[in-house]
Amino acid sequence: MFVQDLKTEFYDVLVNQRVLVLCGADVDALVSCKILQYLFQCDNILYTLVPVTRKQDITEALEKHGETGRYVVLLNCGGTFDILEDCKPENENLVFFIADAHRPFNVYNVYNNSQVRILSPTENENIPGFEDVFRDDMDSDAEEEEEEGRDLDEILERKRQKRAWIENRNRLLFDYTQFNYFGKATSLTMFELCWKMSRDSTVILWYAIIGLSDQLVHRRIESDKYVTECGLLQGHMTRHDQLYDQNSSESNVNSLKLSFDKELNLIFLKHWTLLESMRHTQHFACRFKMWTVRGQKKIYEFLAELGVPLSQCKQIFASMDITFRSSIKEWIFKLADKYSLDEIGAFCFSANLGYKHKFNALDVATAVNTILDQGDFFKALDALSWSRIEILEKGIEASKTKLISIFQQVQTFLETRQIASTGRYLYAVLQESTPNSKLFGKPGALEDLAHFLQAAYVARKSRDSPLFPMVVAAPSVTFPGYSLVIGIPPQAETSSRNLFAQVFNQAAVHCSSAIQKDAYLQENLILVQSEHSRQFFEAIYDLLCSVDGRD
Amino acid sequence: MHRSLNQSSLEESRIRRSARTVCEFEEYFSCDEILMLSERTPVVVSKEVSRLGFLDPSSDEENLKKNTKLELPLWLAKHLYNMYCVDIQLPEAFSSYSVNVMRADSSIVDLKRLQPNYYQVGRQLMALLPAEAQQISDLLVTTYKGRFRKIFDCAQNADIKETDKVTSSFDNEERAMFFEGQKVQLDLQRWRDRSQRNKINTADLVVNHRKRKREALRETNSSTA
Amino acid sequence: MTSLADQGLSLVKEILRCPDYLQPMREDALRNIFEEMRALNEANQKDVRLISAADSERSDGAPDVHVVLYVRHQLLLRLRRCIMAYLDGRLKVIREFRWAFGPVLTKDLKANMTDGEQKWFIDYSASLGRYMSSIGETGVDLLQHSKPPKSLYVEVRVLEDYGDFETEDGQVVVLAKNSTHFLERSQCEKLIRQGVLEHVVT
C-alpha cells in the first residue's frame with residue numbers, strides 16, 4: 001500500500017514506538033538513514049539500526065530484532081521482492097515501511113494493505129491493476145469440482161476465462177518486471193518529510209544532495225531529471241540562505257554553506273592534480289583515448305591550447321598558481337566545443353565548512369561509496385559527519401587508488417583485446433591471475449570498471465557497439481570459487497533500465513550452473529561458479545537473441 | 001673502665017647517630033622510591049667492620065677492611081652511614097665536572113644515562129654529605145632551571161607518537177612531569193573537539209585489556225598456522 | 001646477600017612494568033625471599049645469642065657484630081618492603097578492575113588473581129556498594145554519569161555480541177554485533193564503560 005502523507009501515516013505512527021531500521025548498502029540509503037536518525041533523535045524515538053547487504057541479512061535481522069518493536073523501516077531494500085514471503089517474519093503484527101529507490105515494486109508489496117506501506121512515490125510506473133493480478137480463485141481448482149451439477153459448457157467457459165486471465169497476468173507481470181530501474185532517490189523523500197515538519201537544515205539538505213549525486217554518479221538517473229531535482233534543491237538552498245541571513249548579522253565561519261554552480265566534471269579535481277583528474281574521469285579519458293600514446297599527445301596539445309604549463313598540471317590542484325586555478329574552468333568550457341567535450345560541465349552542489357573544507361557533492365558520493373564497498377558500513381556512516389572529515393579524506397585516497405587501478409585494467413583489456421563482442425552483447429572476463437583482481441571482486445568497483453570498459457570500447461569502435469549491453473565477470477572476493485558477474489545496459493540507453501536481473505535468473509535456470517542466489521541486493525549482480533561461466537555466457541547470448549527476436 | 005669507656009662512646013655515638021639519621025622513607029609502598037633507593041653509590045669504608053666482607057665482591061675476607069672503596073645500593077649505604085661505618089662519596093653525576101657541565105647547559109645532558117633518578121638521589125645525598133650539601137642543592141636547582149623549559153615545551157607540543165624519542169634523555173621525575181603535562185594538553189584538545197567532549201569513553205583499562213587479548217590471539221593463530 | 005635484595009627488586013620492577021594488568025603471582029620468588037629472610041633471621045638470632053653469651057661472660061665478645069646484625073636487620077626490612085610494595089601494587093590494579101570492569105570479573109581477568117586477592121575484590125566491591133548506597137537518601141551510583149550528560153538518549157554501536165538487554169521499560173533489545181541502537185543514556189553507560197558498546201557522537 002502506498003503512503004500518501006508521509007508525516008501522518010508514517011512519522012506520527014512511529015512516535016513513542018521502537019523502530020527497527022534496515023539500511024541497504026548504497027550511499028543513497030546511507031544518507032536517508034542519517035536524515036532519519038536525526039529525526040528520531042530529535043523526538044527520542046528509540047531505534048535499532050542494522051545494515052543489510054543481502055536478502056538473508058534482512059531475514060536474520062528480523063529474526064533477531066523482530067520482537068523488539070512493531071515497526072520496521074527499510075531503506076533501499078525490500079521493495080522489489082515480496083518481503084513477507086521471502087523474509088518470513090514471525091511476528092505477524094510487524095508493519096514494514098519501505099522507502100526504496102529500486103523499481104519495479106513487487107506487486108505483493110503494492111497490494112498488501114495490512115503489513116506493507118510503501119513510502120516512495122510512484123511516477124508512471126505502469127503497475128498492473130489489482131484486478132489483473134489478483135483474483136479470488138487464482139490458486140484453487142477445487143471450485144470446479146463442487147459444481148459438477150452445473151452445465152458442462154459453463155464450466156468449460158469458466159476454465160477458459162481463467163486460463164486467459166492467467167496468461168494475461170503472466171504477460172503483464174513479465175512486462176512489468178522485465179527491466180529494473182531506479183526511481184526517485186530515497187534521500188529526497190526523507191528530505192521532503194523533514195521539510196514538511198519544518199525540521200530541515202543545511203546539513204539535512206546536504207545529505208539529500210549527496211543522495212541525489214550518488215544516483216547521478218551511478219547513472220541511476222537521467223541528466224535532465226537530475227537537473228530538475230537540482231532545481232528544487234536549489235530552491236531550498238536559497239530559502240536556507242535567506243533564513244540564516246535574517247537570523248544572524250554576522251555569518252558564522254564554522255557553519256555549513258552550500259553553493260550550486262556549473263562545475264568541471266572532473267573527478268576529485270580539488271583533491272588531485274589536473275592531469276590525473278583528467279586521466280581518470282571516464283568521459284574525458286575516453287574522448288581523448290588517454291590509454292594510447294596518441295591520446296597522451298592529444299592531451300598535451302589540449303593543455304597547451306588551454307594555456308596551462310605541464311608543470312602546473314602535475315601539481316596538486318590546491319597548490320596550482322592562483323591565476324590558473326581560478327580561470328581554468330572558463331578556459332576549458334571555451335574549448336569544450338572544439339574538442340567535443342559534451343560532458344565536461346555538470347551542475348552540482350558544493351559544501352563549504354570554515355576555511356578548510358570544501359567538498360563537491362559528486363566527489364563525496366564517490367568517496368563514501370568506496371568506503372561502503374570495502375565493507376565498512378559504520379565507517380561510511382561516520383564519513384558523512386562533519387566532525388570526522390579525516391575518514392572522508394581517507395575515502396578519497398582509497399577512491400583515487402581504485403580509479404588508478406581501473407584505468408590500468410582498462411588499458412590492459414584494450415591492449416590485449418580482451419573485450420569481446422558476441423554480436424548481441426559485449427563481455428570481458430577478469431582472470432584470477434590478474435594483479436588487482438581482488439579489487440574488482442566487489443560490486444561497486446566492478447560496476448565502475450564495467451562502465452569504463454564499455455565507454456572505452458565504444459570510443460574505439462563507434463558502429464553499433466553503443467547499442468550493446470555489457471557483461472563483466474571477475475573472481476569474487478567474498479565467495480571464493482565464484483565469479484561475480486555484472487550486467488550493464490548499453491551506452492546509448494540514457495535511462496537506468498537494466499534487463500539483466502531477469503536475464504541472469506533465466507540463464508541460470510537454462511544452464512543449471514551453480515549460482516548463489518540473492519548474494520547481493522543489487523539486481524544486476526549474480527554469482528556464478530567460475531567453471532560454469534562459459535555456459536552461463538552462452539545462455540545469456542541465447543536469451544538476448546530471443547529478446548531481440550521478440551521485439 | 002674499659003667498659004665505661006665503651007659505654008660513653010656508645011652514648012656519644014648514639015647521640016651522633018640520631019643526628020645522622022636520614023629520613024627513612026617518604027612513601028612506604030612507592031615502587032619508584034624502592035627502585036631509587038637501590039641505585040649504586042660509591043662509598044669508602046671508614047673503619048674496619050667485622051663479618052661484612054661479603055659486601056665487597058673483590059675480596060674473600062671475612063671482615064671489611066678500612067679504606068676499601070665499594071659501590072653499595074643507596075639504602076644500605078644510608079644505614080651503614082648511620083652506623084659510622086662508611087663515608088659516602090660524591091657520585092660522578094654530582095661531581096664538580098658535572099657542576100660545570102650543568103652550569104654550561106643542562107638541557108642537553110642525557111640524564112637517563114647519567115643518573116635516571118637524578119633529583120631524588122641528589123636529595124638523598126644532601127643529607128648524607130653535609131659538607132657538599134649546599135653544592136648539591138645548587139647543582140640540582142641549576143640543572144632543573146636549565147631543563148624545565150625543554151620539558152614544558154615538549155609536553156605541550158610533542159606529537160604523541162614521538163613520546164619515547166623526546167623523553168629519552170629525561171630522568172624519571174622529569175618523565176612523570178612530562179606525562180602530566182601531556183595528559184593535560186590531550187584533555188584540553190579532547191574538550192575542544194565537540195565530538196569527543198560529550199563522548200562516554202570505554203575505560204582505559206578495558207581498552208588495553210582488549211588490545212592485549214587480541215594480540216595474544218593473533219600470536220597463537222600465527223603460531224598454529 | 002645483596003643478590004637477594006635483587007629478587008625483591010625484580011618483584012618491584014614487575015609492578016612498574018605492568019601498571020594496569022596482572023601477571024601471575026610470583027609464588028616462587030616469594031618463596032625464595034621467605035627462605036632467605038628466615039636464614040637471615042636465624043643468623044641474627046645466632047649472633048644475638050653470641051652477644052648475650054659474651055656479655056654474661058664479661059669477655060670482650062664481639063661488639064662489632066652489632067653492625068652485621070644491623071645490616072641483616074635492614075636487609076630483612078628492605079625485603080619486607082619490597083614484598084609489601086609488590087602485594088600492594090597488585091591490589092591497586094585489582095581495585096582499578098572494579099571501577100573499569102564492574103563487580104563481576106570474567107575468567108580471563110581472574111586468571112592471574114590468587115584466592116586471597118579474589119576475596120579482597122569481593123570485599124572491596126561490597127564495601128564500595130555499601131558506601132555508594134549510604135550517600136544521599138537513596139544512594140548514588142558513582143560509576144554513572146562520569147561526564148555531565150548532555151542528552152537523555154544516546155546512540156550506541158555494539159562492538160561485541162552481548163545478547164539480550166532489558167531496558168527499564170521492560171522491552172528487550174538484542175545487542176548483536178554490527179548494529180546501532182538509540183537507547184537511554186543511564187542504562188547504556190555501564191556497558192559503554194565495559195567496552196560492549198561504543199558511544200557514537202556526531
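Chain naming here is simple, since letters A, B, ... match the order of the sequence lines and numbering starts at 1 in each. Owing to the predicted nature of the structure, the values given are computational and were not obtained by experimental measurement.
- With a threshold of 4.5 angstrom between heavy atoms, C:Tyr86 does not approach chain B through any atom at all.
- Applying the ring-ring contact (aromatic ring centres under 6.0 Å, His included) criterion to B:Phe179, with sequence neighbours excluded, gives no partner residue.
- Of residues 182-192 of chain B, not one residue has a non-hydrogen atom less than 4.5 Å from any non-hydrogen atom of chain C.
- Taking CZ from B:Arg212 and CD from B:Glu215, the interatomic distance works out to 9.0 Å, rounded to the nearest 0.5 Å.
- Taking all atoms of both residues into account, the shortest heavy-atom contact from B:Tyr118 to B:Ala93 is OH-O, 3.3 Å.
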Inset, instruction - Could you go through the side-chain hydrogen bond (donor to acceptor under 3.5 Å, both in side chains) check for C:Lys110 and C:Gln118 one step at a time? - result: CA-CA 8 Å; C:Lys110 283 202 275 203; C:Gln118 288 185 16; 5.0 Å; no

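- Both the backbone and the side chain of B:Asn201 come within less than 4.5 Å of a heavy atom of chain C.
- Contacts of C:Arg78 with chain B are made by side-chain atoms alone, with heavy-atom separations under 4.5 Å and no backbone atom involved.
- Interface residue C:Glu160: only side-chain heavy atoms are found under 4.5 Å from chain B.
- C:Met113 is listed as a side-chain neighbour of C:Leu22, based on a closest heavy-atom distance under 4.5 Å.
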Legend entry - Worked check of side-chain hydrogen bond (donor to acceptor under 3.5 Å, both in side chains) between B:Glu174 and B:Tyr119: CA-CA 9 Å; B:Glu174 290 172 343; B:Tyr119 301 98; 2.6 Å; yes

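- Only the side chain of C:Glu198 comes within contact range of chain B, with at least one heavy atom under 4.5 Å from a heavy atom of that chain.
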